[in-house]
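Structure record follows, encoded as structure tokens.
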Amino acid sequence: MSLMSKIKETQAFLNTKGITEPDFGLILGSGLGELASEIENAVVVDYAEIPNWGRSTVVGHAGKLVYGDLAGRKVMALQGRFHFYEGNPMEVVTFPVRVMRALGCKGVIVTNAAGGIGYGPGTLMAITDHINLTGQNPLIGENLEEFGPRFPDMSDAYTADYRQIANKVATSLGIKLEGGVYLGVTGPTYETPAEIRAFKTMGADAVGMSTVPEVIVAAHSGMKVLGISAITNFAAGFQFELNHAEVVEVTERIKENFKGLVKAILAELP
Ligand code: HPA
């Protein structure tokens, strides 16, 4: 089946579940999925039920799509995303973003846990731009003209307007929101200290194993994007040892601020 037919099939399936007109997509990273439980009038669909959908295998990722009202907006939230390191092709990693667009989402808030290069554990960082070091591009292959052009512009992939709103909202809540460049790798290994030194020279402020593919596909289709990284650890070389338990533990600590911030931003987005 062609990618376009798959998108249409999944869209039709979600329509039958009552998921008809989301305004905003929400992709919730490691340990950040709890926000979806605050969605009102929720329609919850298990990933396993959804045709053409991937499977979520990572601890801290629930594997549910939740649609409903959050901060007065119609949202479609993904509790758990698909990573390239799980063995998913890029088409599967980015498929939910295609479906969000097909259903009518005009914007998406993409969140992740990331290692800090400069920033320390507990920092919330609005992504200003990214560096794609995955060695992949999710738009390789036939271009879907219905979504966007063959050679899409990426100069405002992380929409400046959205970031301004995020900064204003954070200030009013007394939450410190940093800004910086997210460098995307495939994982699943954490980086070597030499890699992190190289990434620092390249201008990266955070490093992680997600987000870049989804944002490329969102930007291609003209969706506005806000990216937020929860810095869970100092990247390799700045601290002794890296492990996923720490990533989950730190997100646990900052999730109240994170949830409050995302809800308040949603309320303000045009
Ligand atoms: N590197 C890559 N991905 C990550 C990290 C890291 O240090 N922390 C959380 N996700």
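Whatever order the structure lists ligands and atoms in, that order sets their numbers, starting from 1.
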Give the residue and atom name of whichever protein heavy atom lies nearest to [atom], and the separation in Å to one decimal.
{"atom": "atom 10 (N) of ligand 1", "result": "Ala113 O, 3.4 Å"}
{"atom": "atom 5 (C) of ligand 1", "result": "Gly115 N, 3.3 Å"}
{"atom": "atom 7 (O) of ligand 1", "result": "Asn233 ND2, 2.9 Å"}
{"atom": "atom 3 (N) of ligand 1", "result": "Gly208 CA, 3.4 Å"}
{"atom": "atom 2 (C) of ligand 1", "result": "Glu191 OE2, 3.2 Å"}

ask   = Does the gap between the ring centers of Phe147 and His220 come in under 6.0 Å?
value = no

task = Could you verify whether a donor N or O on one side chain and an acceptor N or O on the other, from Asn112 and Ser229, lie under 3.5 Å apart?
result = yes

ask   = Between the side chains of Thr159 and Asp161, is a donor N or O closer than 3.5 angstrom to an acceptor N or O?
value = no

note = Out of Tyr190, Phe234, Phe199, the nearest non-hydrogen contact to atom 6 (C) of ligand 1 is supplied by Tyr190

Under 4.0 Å to a heavy atom of Thr232 - the qualifying atoms of ligand 1, by number = 8 (N), 9 (C)

task = Treating Ile, Leu, Val, Met, Phe, Trp and Tyr as nodes and any side-chain heavy-atom pair under 4.5 angstrom as an edge, say whether Ile165 and Leu35 lie in one connected cluster.
result = yes

inquiry  = Using the salt bridge (charged side-chain N to carboxylate O under 4.0 Å, His left out) definition, which of the options Glu38, Glu268, Glu40 pairs with Lys263?
reply    = Glu38

Val93 versus Phe84, closest heavy-atom pair with distance = CG2-N, 3.7 Å

key: Ala114, portion touching ligand 1 at heavy-atom distance under 4.0 Å   = backbone

